[in-house]
There are 2 protein chains.
Amino acid sequence: MLNLTRDGEYAVRAVLYLSSQPEGKISLISEIAETQEVPKSYLSKIMQHLVRAGLVRSRRGINGGFMLARPAESITMRQAIEAVEGPIFLNICLVKKGECHRDDFCPVHPVWKEAQRRLLEVLDGKTMAALASDGEALSKKVKKKQK
Amino acid sequence: MLNLTRDGEYAVRAVLYLSSQPEGKISLISEIAETQEVPKSYLSKIMQHLVRAGLVRSRRGINGGFMLARPAESITMRQAIEAVEGPIFLNICLVKKGECHRDDFCPVHPVWKEAQRRLLEVLDGKTMAALASDGEALSKKVKKKQK
DNA sequence: GACAATAAAGATGATTTTAGTCCTATTTAT
DNA sequence: ATAAATAGGACTAAAATCATCTTTATTGTC
């Protein structure tokens with residue numbers, strides 16, 4: 001349907017939250033779930049994907065929780081999304097050569113290729129560090145408005 | 001899942017086929033279905049959407065069939081897709097202001113807006129006439145290769 | 001007017017995906 | 001040991017996907 005699933009949305013929120021925390025701080029699932037408005041038990045699933053993808057590190061037991069596995073500057077929006085949704089392909093014909101046998105003579109194929117390139121350019125171009133910084137700026141604006 | 005459905009794929013194929021026909025020619029569903037490798041009864045549904053969207057005109061009865069309702073130059077890929085899938089939104093937060101109540105302070109929102117803008121730019125920029133012409137060029141190339 | 005060809009429209013259904021919940025491990029600091 | 005935390009699998013309801021089939025409406029020809 002050409003739109004992001006909950007999985008992707010929640011993954012971005014979670015990684016963004018961790019990126020906004022002081023370095024080295026460990027965050028609880030319940031903490032992330034509440035602030036990011038994600039069902040806790042669902043989030044648990046999402047976090048596991050993020051861990052397996054190497055974006056997030058977890059610690060079990062008392063004083064456990066989650067933190068980024070890498071600097072927020074090195075994690076892109078695309079990576080967060082693909083960690084839970086798998087690789088992004090606007091159309092199956094982009095999965096790999098030969099996936100669609102009409103490839104050779106289909107004039108639509110190159111259009112999708114270009115569309116996908118442009119989409120990914122945006123998602124690749126936004127790091128979690130940048131998002132976190134944008135978020136801070138926004139929350140200052142909101143507070144000003146409320147005065 | 002961020003990818004095109006069959007509906008969208010088939011719609012593009014069907015409109016493209018009609019765009020490649022001599023002007024004024026009426027095409028049968030079975031003809032479109034066979035050449036475009038779309039199940040006939042499924043295609044029937046798709047064609048109805050295209051008719052209602054005003055991209056295609058139909059005639060019932062003997063000698064009936066389908067033809068473009070407008071010049072192929074005036075039909076974009078986006079229009080063909082949205083005729084069957086509805087408006088394209090990469091994320092629900094783009095549907096309309098207020099759809100996502102995190103809008104005001106969410107730094108991710110503008111990124112999706114930009115990504116969507118770029119994607120639509122590509123789909124808006126490709127007319128069915130252009131695709132048909134690209135298709136012709138491609139089929140010549142394929143024939144050459146086969147020699 | 002009867003008939004055949006054709007699309008329109010609606011009912012139905014199998015399969016997959018989505019969006020979760022819940023329960024039982026397993027790990028770990030104290 | 002115990003309490004606090006994540007890990008991971010089983011389960012589910014609802015929706016979307018990808019169709020098929022049947023009936024109805026329209027239209028040209030004889």
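Lettering follows sequence order; numbering is per chain, from 1. Side chains included, hydrogens not; waters and symmetry mates left out as well; all remaining heavy atoms used.
- The base of C:dT26 is paired with the side chain of A:Arg60 by a donor and an acceptor separated by under 3.5 Å.
- Spacing between atom CD of B:Glu31 and atom C1' of C:dA7 amounts to 14 Å, rounded to whole angstrom units.
- B:Asp134 is listed as a side-chain neighbour of B:Lys126, based on a closest heavy-atom distance under 4.5 Å.
- In this entry the distance linking CD of A:Gln48 with C1' of C:dT26 reads 12 Å, nearest Å.
- Mapping A:Leu4 and B:Leu28 onto DNA chain C by nearest heavy atom places B:Leu28 closer to the 5' end of the strand.
- One finds no side-chain N or O of A:Tyr42 lying less than 4.0 angstrom from the OP1 or OP2 phosphate oxygen of C:dT18.
- One atom, CD1 of A:Ile46, and another, P of D:dG9, lie 16 Å apart when rounded to the nearest Å.
- Ranking C:dG10, D:dT17, D:dT6 by closeness to the A:Met1 side chain, first place goes to D:dT17.
- Rounded to an integer number of Å, the gap from CD1 of A:Ile29 to P of C:dT26 is 19 Å.
- Distances were taken from every side-chain heavy atom of B:Arg6 (C-beta onward) to each of D:dC18, C:dT28, C:dT21; the shortest belongs to D:dC18.
- Partners of A:Tyr42 according to the ring pair (Phe, Tyr, Trp, His ring centres under 6.0 Å) rule, which considers only residues two or more places apart in sequence or in another chain, are A:Tyr10.
- Of the two residues contacting DNA chain D, namely B:Arg59 and B:Leu43, the nearest-nucleotide position lying further toward the 5' end is that of B:Leu43.
- Residue contacts shown for B:Ser41 include a base, since a base heavy atom lies under 4.0 Å away.
- Tested against B:Asp103, the residues B:Lys97, B:Lys96, B:His109 include a single side chain to side chain donor-acceptor pair (under 3.5 Å) partner, B:His109.
- On a pure distance criterion of 3.5 Å, no polar donor-acceptor pair joins the side chain of A:Lys40 and the base of C:dG20.
- Between A:Leu2 and A:Phe66, the one whose closest nucleotide on DNA chain D sits nearer the 5' end is A:Phe66.
- With rounding to whole Å, B:His49 atom NE2 is found 13 Å from D:dC18 atom P.
- For B:Arg52, a side-chain nitrogen or oxygen approaches OP1 or OP2 of C:dA9 to under 4.0 Å.
- Of the candidates D:dT20, D:dA7, D:dA4, the closest approach to any side-chain atom of A:Ile62 belongs to D:dA4.
- Each of D:dA19, D:dT29, C:dG20 was ranked by its minimum atom distance to the side chain of B:Tyr10; first place goes to D:dA19.
- Atom CZ of residue A:Arg118 and atom CG of residue B:Leu120 lie 11.0 Å apart, to the nearest 0.5 angstrom.
- The NZ atom of B:Lys45 sits 13 Å away from the P atom of D:dC21 (whole-angstrom rounding).
- The shortest distance between the side-chain N/O atoms of A:Thr5 and the OP1/OP2 oxygens of C:dT17 is not below 4.0 Å.
- Here the P atom of nucleotide D:dT20 and the CG atom of B:Asp7 are 13 Å apart, to the nearest Å.
- Heavy-atom contacts from other residues, nucleotides or ligands closer than 6.0 Å to NZ of B:Lys40 number 12 or fewer.
- Distance CD1 (B:Ile92) to P (C:dT18): 14 Å, rounded to an integer number of Å.
- Out of C:dT27, C:dG20, C:dA7, the shortest distance to the side chain of A:Pro39 is found at C:dG20.
- Put simply, B:Leu4 and A:Ile88 are part of the same group of oily side chains (I, L, V, M, F, W, Y) that touch within less than 4.5 Å, one to the next.
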